[in-house]
Structure formats: structure tokens, C-alpha cells
Number of protein chains: 2
Amino acid sequence: MTDRLGGGARRKRPTMRDVAREAGVALRTVSRVVNDDPTVGAHLVSRVRAAITALDYAPDERAQQLRRGTSGTIGAAVRNLADAHPVLSAVDNASRARGLAVLAMSTEDDEAREREAVMSMCRRRVDGIVIEPIGMFHDYLSAEVAAGMPLVAVDRPCGGVEADAVLSDNAAGIGMAYRQLSVHGHRRIAYIGDDERIFTGRERAAAFRACVAASGGPLSGMVHPGTVTASRVAAALASVLSGPTPATALITGNVATTIEALRYLGADAGRLALVGFDDFPLADILRPALTVVAQNSAEIGRTAIDLLVARAADPARPVQTVTVPVELIARGSGELPPPSA
Amino acid sequence: MTDRLGGGARRKRPTMRDVAREAGVALRTVSRVVNDDPTVGAHLVSRVRAAITALDYAPDERAQQLRRGTSGTIGAAVRNLADAHPVLSAVDNASRARGLAVLAMSTEDDEAREREAVMSMCRRRVDGIVIEPIGMFHDYLSAEVAAGMPLVAVDRPCGGVEADAVLSDNAAGIGMAYRQLSVHGHRRIAYIGDDERIFTGRERAAAFRACVAASGGPLSGMVHPGTVTASRVAAALASVLSGPTPATALITGNVATTIEALRYLGADAGRLALVGFDDFPLADILRPALTVVAQNSAEIGRTAIDLLVARAADPARPVQTVTVPVELIARGSGELPPPSA
DNA sequence: ATGCTTCCGGATAACGTTATCCCACGCTGA
DNA sequence: TCAGCGTGGGATAACGTTATCCGGAAGCAT
């Protein structure tokens with residue numbers, strides 16, 4: 001499994017020692033020049049720089065990291081690398097702005113893989129970890145956290161370990177979606193979303209139930225949480241659309257559900273009002289264009305890095321959970337009127 | 001810019017020395033256990049392992065890397081981290097299967113940023129670099145390549161440096177698209193795509209011209225390469241659709257162009273036959289569903305890692321360019337008949 | 001007893017950096 | 001002339017591993 005690279009006899013890279021020899025100065029002086037130590041004369045600086053470019057010398061960051069104790073890298077364990085991942089992108093940007101690189105690994109929604117990825121990051125002594133947690137229990141991380149590894153969860157909190165978290169305001173988002181549909185005349189509103197064993201699935205379903213209760217709408221048969229598969233979404237949709245008083249509007253709890261719902265509805269998509277939780281590229285070119293509750297990915301990523309840096313600076317600071325506001329983007333599908341009965 | 005982390009007084013992590021003391025064995029023995037050296041007795045192995053779990057010891061990979069000379073990491077400089085990136089995902093998978101981690105950085109289509117990202121990877125002494133090149137000239141990489149850094153370009157070749165490359169069969173893909181439209185009765189077929197300064201834009205436009213020439217169709221006013229902006233695509237589309245003999249079918253040269261074309265066409269999308277180069281999520285839930293030429297991202301990523309490993313094993317092997325076949329996925333938009341004149 | 005493995009410890013040198021301490025200059029200002 | 005500086009070299013110890021060479025101590029067969 002681990003047949004590391006490096007079998008070949010690649011040409012040896014120049015080291016500081018080589019540069020020192022080339023420039024005719026002491027090793028110490030090269031180090032000073034590389035680290036912009038001001039106590040070295042302009043004459044020598046230029047000679048050293050010349051030697052550096054002549055030899056194509058680039059300092060070995062592994063050695064620097066070992067020596068300095070910091071790796072200048074943060075790990076990002078995200079669920080998926082293949083699909084669009086705006087949060088990862090924001091994390092990347094925020095990290096770069098601080099001179100940090102991002103070691104991104106995909107967990108593919110697999111707990112074992114998540115653990116493996118995170119542990120690998122720890123062995124690399126990353127300066128912090130951003131995690132989009134999969135499982136409920138992350139006890140295996142508590143040792144690392146206790147050892148001072150800054151850890152911040154995004155999208156969902158980490159269970160079993162005290163860690164900072166940055167979450168979207170799920171309840172407010174569902175509220176916005178529900179209100180939008182109500183305002184446009186809908187009374188019978190259904191919800192299909194993630195399994196309630198998943199944090200966001202739980203929060204969003206609960207918020208939906210609260211909305212229905214507050215507005216006095218019908219609840220029975222209207223809430224369908226569960227694993228997101230084509231068949232389950234189709235069954236749920238068929239159920240809420242059948243009977244004497246079918247739902248006239250739908251809220252979907254995540255992108256995957258939204259897509260499956262659209263796939264099932266096909267050409268009938270224009271006859272059911274729909275608001276999806278979470279935006280995605282191309283939502284605006286569907287017909288009707290999709291009304292969504294958009295998470296502020298840029299803000300989430302930025303905040304995650306902020307929290308990471310803050311914790312690295314002060315490991316003793318209290319654990320913090322930041323809730324990032326969401327936004328309703330009306331594009332048409334959520335503004336469809338109920339069929340005039 | 002580079003205010004690295006690590007200000008806080010994090011608890012010191014246990015080292016091999018600590019484990020040795022805890023287990024009452026020699027440092028050397030701990031190293032043997034960690035590296036699964038068979039020459040150590042079962043009794044001591046279990047004692048060392050107990051000490052390891054008692055102290056929550058995890059070897060410092062930075063030190064291992066420095067010592068071993070390999071970093072167990074490959075760098076991936078891709079154009080975009082926010083959007084779907086199936087090739088990156090495939091690279092991640094193929095790397096993991098070999099025990100390698102992926103250091104992903106986004107270049108955001110910016111040459112300076114690409115250079116910065118790649119150089120940062122080199123300083124980290126990654127075992128190889130997968131790059132989705134932006135600019136035409138990558139001379140700054142030749143020193144690294146000469147120093148033995150395995151480098152493989154995906155999607156486009158690297159200019160100015162001898163590097164392996166994995167490309168899609170652009171000409172064949174355009175040919176498939178053209179043939180599909182011809183078969184369905186189209187004679188006046190237009191092409192809108194990327195700027196011809198970009199490798200793929202050049203290849204695809206050229207292939208399109210060749211197809212037209214081979215089939216004896218009209219060419220004048222039918223080819224519109226250029227930077228992909230909403231306004232340019234709209235103008236090109238307006239142009240090919242106007243006049244006495246408008247185009248009845250369209251080939252778009254990349255995803256961005258496809259999207260812009262769909263945005264412009266809006267509700268009229270069903271009246272123009274369309275084949276897009278490159279697949280994307282959700283292409284199947286559009287109406288009409290989008291016929292595309294799909295690149296084999298999984299194969300591309302796998303091949304890239306294969307080439308990387310092969311070059312690491314034998315730096316002297318001849319540079320190789322692998323062309324990966326593409327596939328036409330008929331979903332409806334490319335099978336629309338021309339308006340019966 | 002003598003040999004010959006097998007298992008383990010000890011010491012030490014790397015890997016490429018950074019940092020510390022000290023010393024040797026060549027200046028300047030009194 | 002001597003103290004006080006700014007500039008640079010030299011030596012050396014880290015950082016946490018791995019690897020090499022050696023030596024000792026068993027265990028077992030000759």
C-alpha cells in the first residue's frame with residue numbers, strides 16, 4: 001500500500017552548504033540572507049543571492065518546519081473533492097493570505113477514511129485542522145486536541161471532543177424558505193431532507209416542524225428525513241404529491257435531495273413550488289430557476305481559519321461556535337403560486 | 001503575509017525518546033517497532049506498543065521525510081478548487097492508494113499564482129507535481145525538472161519544459177460531437193469556444209474547422225473562439241443565429257461556454273441542437289438534457305499518478321504524452337432535429 | 001568448550017535547517 | 001590608545017527521525 005516514491009537516483013539538490021561554498025561565505029551568513037537578517041552587508045547579500053540563483057537553490061521547508069516547530073500547513077478534511085466545494089475554496093484563500101498551505105483530503109463520507117485522513121494530518125504536524133465531520137463521535141481526536149492541535153469543525157459540530165465550530169444558521173434558513181412559500185400562498189408545504197442522524201438533517205427537520213407548528217399548517221406526512229437516495233426521494237415525493245390534498249410546495253434539505261427531486265419531477269418541475277437548502281452552480285439556469293437558501297461559504301471558510309489562528313495563538317481560550325447567517329435567493333421556483341384550486 | 005501559526009505554548013508532543021523511556025527500552029528498539037522491523041521480540045513489541053498508546057505517540061512525519069528524503073506527498077496545482085473537479089478527485093484517490101497525500105492548491109487561472117503555488121510545493125519537496133497549466137511558458141519549472149522533480153501536466157501541456165502530459169482526445173471529441181449533429185440532420189453547425197491562445201481552445205477550434213472542411217459544410221461565420229465572457233458568448237450566439245441561413249446546431253468548447261450559451265438561450269434552449277465539450281453535474285437534469293463529450297477524469301487522474309510514479313522510479317525515461325479517449329453522452333440536446341425548413 | 005545465529009542496546013552520524021555563543025575583525029569617537 | 005560598536009565567521013547544538021556499526025547476551029547446535 002505504501003510504496004513511497006523516490007526509487008530513482010534524482011540529482012541531488014543544492015543545500016545551504018553548497019550555496020555557502022559557491023558564494024565563499026559562511027553557512028551562517030547564507031542562513032541570515034535567506035531569513036532577511038538585516039545585519040549582513042549589501043555586498044555579501046548580493047553575492048549570496050547570486051549563488052542562490054546560480055545553483056537554483058530553494059530552502060528545504062521540511063527542515064525549516066522541523067527546526068521551527070511549525071509546518072505552515074493546515075489540513076482540510078472535506079467530504080468530497082469531486083463536487084463543487086466553495087468552503088474549501090474559501091479556506092484555501094484565507095490560508096494563502098496568511099502564508100499557509102492547505103493539505104486537502106477527501107473523506108468520501110466514510111468515517112474510517114476521515115479518521116485515517118485526520119491522523120495522517122496529525123502525523124504531518126499540520127498547524128491546524130479544518131474538518132467537515134462525518135461521524136458523530138470524534139473521541140480519537142481528543143488526544144490531539146489536548147496535545148494542542150487546533151481543530152475547527154465546519155458545517156457540523158464534532159461530537160465527543162471540545163472543538164470550535166462554524167455552522168450555518170439552519171433554523172433561520174428553513175424559516176426563510178418556509179416564509180417565502182407561505183407568502184406566496186402555500187399552506188401545504190412538505191420537507192424532504194437528510195437523515196436525522198446527521199446534524200444538519202436533524203436541525204433542519206426540527207426547524208421545519210417548528211415552522212409548521214407556528215403557522216398551524218398540516219404536519220402529518222409532510223416531513224421525510226432519511227438517507228438521500230434516488231429511490232427514497234422519489235418515494236417521498238410521490239407520497240406527498242398523492243392523495244386528496246397533496247403538497248403544493250417543497251423544501252429540500254440539501255443539494256443532493258434537491259437534485260434527486262428535480263430528477264424525479266422532470267418536466268413537472270414547474271408545477272411544484274420548490275426551495276432548496278444550499279445553493280449550487282447552475283441553479284440559475286434551470287427552468288424554473290431554483291430558489292435557494294444559500295450558505296455564506298466564503299464567510300464560513302474565513303471564519304474557520306480565523307478560529308484556527310486564534311486557537312493556535314491561545315490554546316486556552318474557550319471553545320467557540322460561530323453561526324453564519326444564510327440568505328434566501330429568490331429565482332423563481334420558490335415564488336410559483338399554488339395551483340388555483 | 002507570513003505570520004505563521006504557533007504562537008501559543010502548546011503542550012509538547014511525545015517523541016520516540018519519551019516512548020523509549022516509558023517502555024524501558026532503547027530508542028533504537030522503538031524505531032524498529034515503529035518501522036515493523038521483524039528482528040524484535042514479541043515481548044518488547046507489545047511493551048513498546050503499550051507505551052505508544054499510553055503516551056499517544058505519533059511519529060513526526062516531518063522528521064521522517066527529512067531523514068528518508070521523500071515527503072510522501074504530491075502537489076496538485078489546479079485551476080479551481082471551488083467548482084467540481086473530478087480530475088483532482090481522481091488524483092486524490094490514486095494517490096491515497098499509493099500511500100501518498102495530496103497538497104492541493106488553486107491557481108485561480110492566474111499565472112503568478114500558479115508559479116507561487118508550484119514553487120511552494122517545490123520548497124516542500126513534494127515527491128511530484130500534477131499541474132493543470134495556465135500560462136504558455138513554464139520555464140521556471142525547468143530547473144526543478146532538471147533537479148529531478150517529477151512533473152506531469154493534465155488537460156494541457158506545459159510549454160517551455162519537458163514534462164509528461166495527460167490530455168483528452170480533443171480532436172476525436174469534436175469529431176464525435178460534429179458527427180452526432182450531422183447524423184441528426186444538421187448542416188449548419190456553429191462552434192463557440194475558448195480563446196485559441198489556450199491549448200484546448202486551439203485544438204478544439206482546429207478540429208472543428210477540419211470537420212467542417214471534411215463534410216463540406218459552411219465555415220464562414222461559424223467559428224467563434226475567444227475569452228469566455230457572458231457578453232462575448234451572447235454576441236457570438238446572436239451572430240450565428242441571425243441572418244438568412246442561421247445555424248441549427250451548436251458545439252460549445254468548454255463548460256463555461258456551455259453554461260453561458262444556456263443562460264443566453266433561456267427558454268429557447270430546446271430549439272437549438274447543442275453538444276457541449278466536457279460534462280458537468282446536473283447536465284442531465286436540464287431540459288432538454290445536455291448531450292456532451294465527456295472526458296474520462298478518473299482515467300486522467302489515475303494516469304497522471306502512474307506517470308508521476310514511473311518518472312520518480314526512472315528519471316531518465318523519455319517524456320511521454322498520454323491521450324485519453326473521450327466519450328459522447330447523448331442526452332437529448334444533441335439529438336434535436338433541425339427545424340423542418 | 002567453541003561456533004553461530006537471533007535479539008537487543010549504545011553510540012553516533014546523518015537529513016537541512018535555525019539559533020546561540022563567542023571571537024575576530026575593521027571602523028569610529030573619545 | 002582603548003573602549004564601543006557593527007559586521008561577519010566558526011563551531012556546535014538542537015529539531016525528531018533513521019541507519020550503520022559494533023558489542024553484548026543470550027540461545028542452540030556442533
Side-chain angles (χ1 to χ4, degrees), chain A residues 2 4 6 10-49 51-52 55-72 122-127 147, chain B residues 2 4 6 10 12-49 51-52 55-72 122-127 147-148:
Chain A
T2 45
R4 295 279 159 83
R10 61 175 59 173
R11 214 180 69 186
K12 220 172 146 355
R13 286 179 166 277
T15 81
M16 263 192 174
R17 217 175 301 271
D18 299 322
V19 175
R21 200 179 326 106
E22 170 84 9
V25 301
L27 178 63
R28 187 66 188 84
T29 304
V30 178
S31 174
R32 285 197 253 244
V33 169
V34 169
N35 291 40
D36 289 322
D37 189 317
T39 78
V40 50
H43 179 58
L44 282 193
V45 168
S46 64
R47 230 169 65 199
V48 169
R49 291 215 190 284
I52 286 179
L55 294 180
D56 277 318
Y57 166 78
D60 187 327
E61 271 209 25
R62 296 173 301 183
Q64 295 184 324
Q65 288 174 14
L66 184 59
R67 179 61 232 237
R68 294 206 248 251
T70 75
S71 65
C122 291
R123 282 195 303 274
R124 277 162 202 276
R125 301 289 191 270
V126 294
D127 289 338
Chain B
T2 44
R4 296 277 158 83
R10 60 176 61 173
K12 219 171 148 357
R13 302 185 83 103
T15 83
M16 262 192 175
R17 216 174 303 270
D18 300 320
V19 175
R21 198 178 327 108
E22 170 84 8
V25 300
L27 178 64
R28 186 67 188 81
T29 304
V30 178
S31 174
R32 284 197 252 244
V33 170
V34 170
N35 291 42
D36 289 321
D37 190 317
T39 79
V40 52
H43 178 58
L44 282 194
V45 168
S46 62
R47 229 170 64 198
V48 169
R49 291 213 190 285
I52 286 179
L55 295 180
D56 277 319
Y57 167 78
D60 188 327
E61 271 209 24
R62 296 172 302 181
Q64 294 184 324
Q65 288 175 14
L66 184 59
R67 179 61 235 237
R68 294 207 247 248
T70 74
S71 65
C122 291
R123 282 195 303 273
R124 287 181 141 75
R125 300 291 190 269
V126 294
D127 289 338

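Computed from a predicted model, the values in this text were never measured in an experiment.
Residues satisfying the side-chain contact (heavy atoms from CB on, under 4.5 Å) test with Arg49(A), not counting sequence neighbours, are Val33(A), Asp36(A), Val45(A).
No donor-acceptor pair under 3.5 Å is formed between the side chain of Arg125(B) and the backbone N or O of Leu66(B).
Annotation: side chain of Asp60(B) is not in contact with side chain of Thr15(B) (no heavy-atom distance under 4.5 Å). The side-chain heavy atoms of Met16(A) and Ser31(A), taken from C-beta on, include a pair separated by under 4.5 Å. Side-chain contact between Arg67(A) and Gln64(A) is absent, with no heavy-atom pair separated by less than 4.5 Å.
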### Task
Summarise protein proximity over nucleotides 16-22 of chain C in one line of letters, 5' to 3': B for base, S for sugar-phosphate only, - for none, counting protein heavy atoms closer than 4.0 Å.
BBBBB--
